[in-house]
Asks: 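Mind looking over this structure? Questions follow.
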Amino acid sequence: MYKILDGKTTAAEVKAKVAEDVVELKECGVTPGLAVIIVGNDPASRVYVDNKEKDCAQVGIRSTEYALLETTSQEELLSLIHKLNNDPEVDGILCQLPLPLGLDEKTVIGAITPEKDVDCFHPENVGHVMQGDYTFLPCTPAGIMKLLERECVDVSGKHCVVIGRSNIVGKPMAMLMLNASATVTVCHSKTRNLADYTRCADILVSAVGKAGFITADMVKPGSVVIDVGMNRNSQGKLCGDVDFENVAPLCSYITPVPGGVGPMTRAELLVNTVSAAKKRK
Ligand code: NAP
């Protein structure tokens, strides 16, 4: 019988601890502050930003939104980031991606001072993660590691197969697994005979973004399956990459969608913001 890796409950525990830390910081005169930048009118980005602001309010972090027009120039955006970099009341800066066409994400991410880069996308912070010595961890992979730790799933020596090589999920996920002494294989759209790899995985992480992508014949019996995907099925319902109904009975542990990785990603942003505020204190 498989066990659910319950992101909702684990995230609530993480948030409760963050809320305690916030109380302590406030007693010392420090209110953690997160600046959230959103450019343009992407509806999905709007939802993400609203959720992040709701999370902040729940744990006592002060979030300030900077909603910029779709037509904002690169210079205007960089100037805002520069201002926030120098604002002592701002501990974390988050620029919601994707940015509208014409704005260069790489330059924008690189402009955020690494000390306030709570998404952990800045090259300097990415380098620290590679070296296994870090202040911030990227939110989604960090949340996944916490889910595994909570259920005492030992990663060391296991074969972890990560599907996806984005800078946000796939690559840092592979790095955290490697830092935790897993043997790691990274697959992507050019991987030949993908199922040959996935069937060897003790831990399979799917970060592809295609509903129903991971089918039962791709999964090793008794393995752990982590579904990062956030997709809409034909009925418009939120679903992951994994054909949950048919894959779950094969697994030892599996994350559901919704209620798996998503809430952990949100919680880890709060963890990073409080870490930054502790440094200010
Ligand atoms: P992304 O940048 O689009 O990356 C998708 C990855 O999947 C790419 O590396 C791509 O390979 C690979 N891929 C696509 N088709 C494939 C195929 N047929 N076989 C093998 N690999 C294939 O997406 P992302 O930002 O990493 O996000 C992935 C998914 O996770 C999305 O659904 C996103 O919404 C979701 N997500 C969820 C959370 C959460 O908190 N739950 C957080 C972030 C993202 P190539 O590199 O070769 O193109």
Side-chain angles (χ1 to χ4, degrees), residues 6-19 21-22 31-72 76-77 80-81 83-84 87 89-101 103 105 108-109 112 116-121 136 138-144 146 166 168-169 207 209 211 227-233 235-240 255-277:
D6 181 352
K8 231 168 145 184
T9 306
T10 313
E13 289 169 8
V14 172
K15 281 160 85 173
K17 170 76 177 72
V18 168
D21 288 354
V22 171
T31 298
L34 177 68
V36 182
I37 304 172
I38 175 167
V39 190
N41 311 307
D42 180 51
S45 292
R46 183 74 259 164
V47 173
Y48 292 139
V49 163
D50 287 349
N51 285 337
K52 286 168 189 178
E53 291 175 351
K54 228 184 287 166
D55 292 338
C56 284
Q58 253 182 32
V59 298
I61 292 174
R62 183 190 55 241
S63 70
T64 310
E65 181 179 311
Y66 296 84
L68 306 184
L69 295 174
E70 184 96 14
T71 51
T72 300
E76 286 166 322
L77 180 53
L80 171 62
I81 289 173
K83 194 182 103 197
L84 297 171
D87 184 340
E89 300 289 304
V90 172
D91 296 295
I93 303 171
L94 178 158
C95 187
Q96 185 64 46
L97 302 179
L99 292 171
L101 282 176
L103 295 176
E105 288 184 1
V108 169
I109 287 166
I112 297 173
K116 299 190 180 188
D117 167 41
V118 284
D119 266 332
C120 195
F121 293 163
F136 301 127
C139 298
T140 301
I144 290 170
K146 222 168 253 182
S166 69
I168 295 174
V169 187
D227 192 350
V228 184
M230 284 203 314
N231 315 298
R232 296 276 163 194
N233 67 13
Q235 289 93 52
K237 242 182 92 189
L238 182 66
C239 66
T255 59
V257 179
V261 177
M264 293 305 294
T265 299
R266 285 169 60 176
E268 288 303 311
L269 175 69
L270 307 173
V271 169
N272 283 349
T273 305
V274 163
S275 295

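What you see below is based on every heavy atom in this structure, not just the backbone, and it leaves out hydrogens, waters and symmetry mates. Since the structure is predicted, the reported quantities are computational estimates derived from the model, not experimental observations.
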Asks: Please give me the minimum heavy-atom distance between Asp117 and Phe136, naming the atom from each residue.
Replies: O-CD1, 3.3 Å

Asks: Could you pull out the closest heavy-atom pair between Gly7 and Pro263, with the gap in Å?
Replies: O-CB, 3.7 Å

Asks: Run the salt bridge (Lys or Arg N to Asp or Glu O under 4.0 Å) test on Asp87 and Lys83 for me, step by step, so that the C-alpha distance in whole Å, both residues' side-chain angles and the decisive distance to 0.1 Å come before the verdict.
Replies: CA-CA 6 Å; Asp87 184 340; Lys83 194 182 103 197; over 6 Å; no

Asks: Below 4.5 Å, heavy atoms only, C-beta onward: do Leu238 and Arg232 meet side chain to side chain?
Replies: yes

Asks: Using 0.5 Å steps for rounding, measure from the CG atom of Leu270 to the OG atom of Ser275.
Replies: 10.5 Å

Asks: Heavy-atom distance under 4.5 Å between the side chains of Thr64 and Glu89, does that happen here?
Replies: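 With C-beta onward as the side chain, the pair stays apart.
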
Asks: Quick one: do Lys54 and Glu65 make a salt bridge, cutoff under 4.0 Å?
Replies: no

Asks: Compare every heavy atom of Gly209 with every heavy atom of Asn231, then report the nearest pair and how far apart it is.
Replies: OD1-C, 2.9 Å

Asks: State the CG-CE distance between Asp6 and Met264, to the nearest 0.5 angstrom.
Replies: 10.0 Å

Asks: Looking only at heavy atoms, what is the nearest atom pair of Lys17 and Asp21, with distance?
Replies: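 Heavy-atom minimum between the residues: NZ-OD1, 2.7 Å.
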
Asks: Taking the side chain as every heavy atom from C-beta outward, state whether Gln96 and Val36 have any atom pair closer than 4.5 Å.
Replies: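 No, too far: nothing below the 4.5 Å cut-off.
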
Asks: Measuring from Asn272:CG to Asp119:CG, what's the distance to the nearest 0.5 Å?
Replies: 8.0 Å

Asks: Roughly how far apart are Glu53 CD and Leu94 CG, rounded to 0.5 Å?
Replies: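 Answer rounded to 0.5 Å: 9.5 Å.
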
Asks: Less than 4.5 Å apart, any side-chain heavy atom of Thr273 and any of Val271?
Replies: no

Asks: Taking Pro138's backbone N and O only, do any of them form a donor-acceptor pair with Glu268's side chain (distance below 3.5 Å, no angle check)?
Replies: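 No.
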
Asks: Using 0.5 Å steps for rounding, measure from the OG1 atom of Thr31 to the CZ atom of Arg62.
Replies: 6.0 Å

Asks: Find out whether Ser45 and Pro98 are in side-chain contact, i.e. whether some heavy atom of one side chain is under 4.5 Å from a heavy atom of the other.
Replies: yes

Asks: Start with the C-alpha gap between Leu80 and Glu76, add the side-chain angles, then the distance that decides, and say whether side-chain contact (heavy atoms from CB on, under 4.5 Å) holds.
Replies: CA-CA 6 Å; Leu80 171 62; Glu76 286 166 322; over 6 Å; no

Asks: Return the minimal non-hydrogen interatomic distance between Pro141 and Val169, and the atom names on each side.
Replies: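 Nearest pair, atom of Pro141 first, then Val169: CG-O, 3.9 Å.
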
Asks: Checking side-chain contact (heavy atoms from CB on, under 4.5 Å) for the pair Val228/Thr265: CA distance, chi angles, key distance, verdict?
Replies: CA-CA 10 Å; Val228 184; Thr265 299; over 6 Å; no

Asks: Assess whether side-chain contact (heavy atoms from CB on, under 4.5 Å) is satisfied between Val274 and Val22, documenting all intermediate values.
Replies: CA-CA 7 Å; Val274 163; Val22 171; 3.7 Å; yes

Asks: Rounded to the nearest 0.5 Å, what separation is found between the CD1 atom of Ile38 and the OH atom of Tyr48?
Replies: 11.5 Å

Asks: Would Leu269 and Asp55 count as a side-chain contact (heavy atoms from CB on, under 4.5 Å) if you check the C-alpha gap in whole Å, the side-chain angles of each, and the deciding distance to 0.1 Å?
Replies: CA-CA 9 Å; Leu269 175 69; Asp55 292 338; over 6 Å; no

Asks: Under 4.5 Å between any side-chain heavy atoms of Asn51 and Arg266, yes or no?
Replies: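 Side chain of Asn51 against side chain of Arg266, heavy atoms only: contact under 4.5 Å found.
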
Asks: Hey, does Ile37 have a side-chain heavy atom less than 4.5 Å from the side chain of Leu84?
Replies: yes

Asks: Answer yes or no: is there a side-chain heavy-atom contact under 4.5 Å between Leu103 and Val39?
Replies: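 Counting from C-beta outward, Leu103 and Val39 do come under 4.5 Å.
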
Asks: Measure across Ala267 and Lys15 and return the closest heavy-atom pair with its distance rounded to 0.1 Å.
Replies: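 Distance-wise, the nearest heavy atoms are CB-CG, 4.2 Å.
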
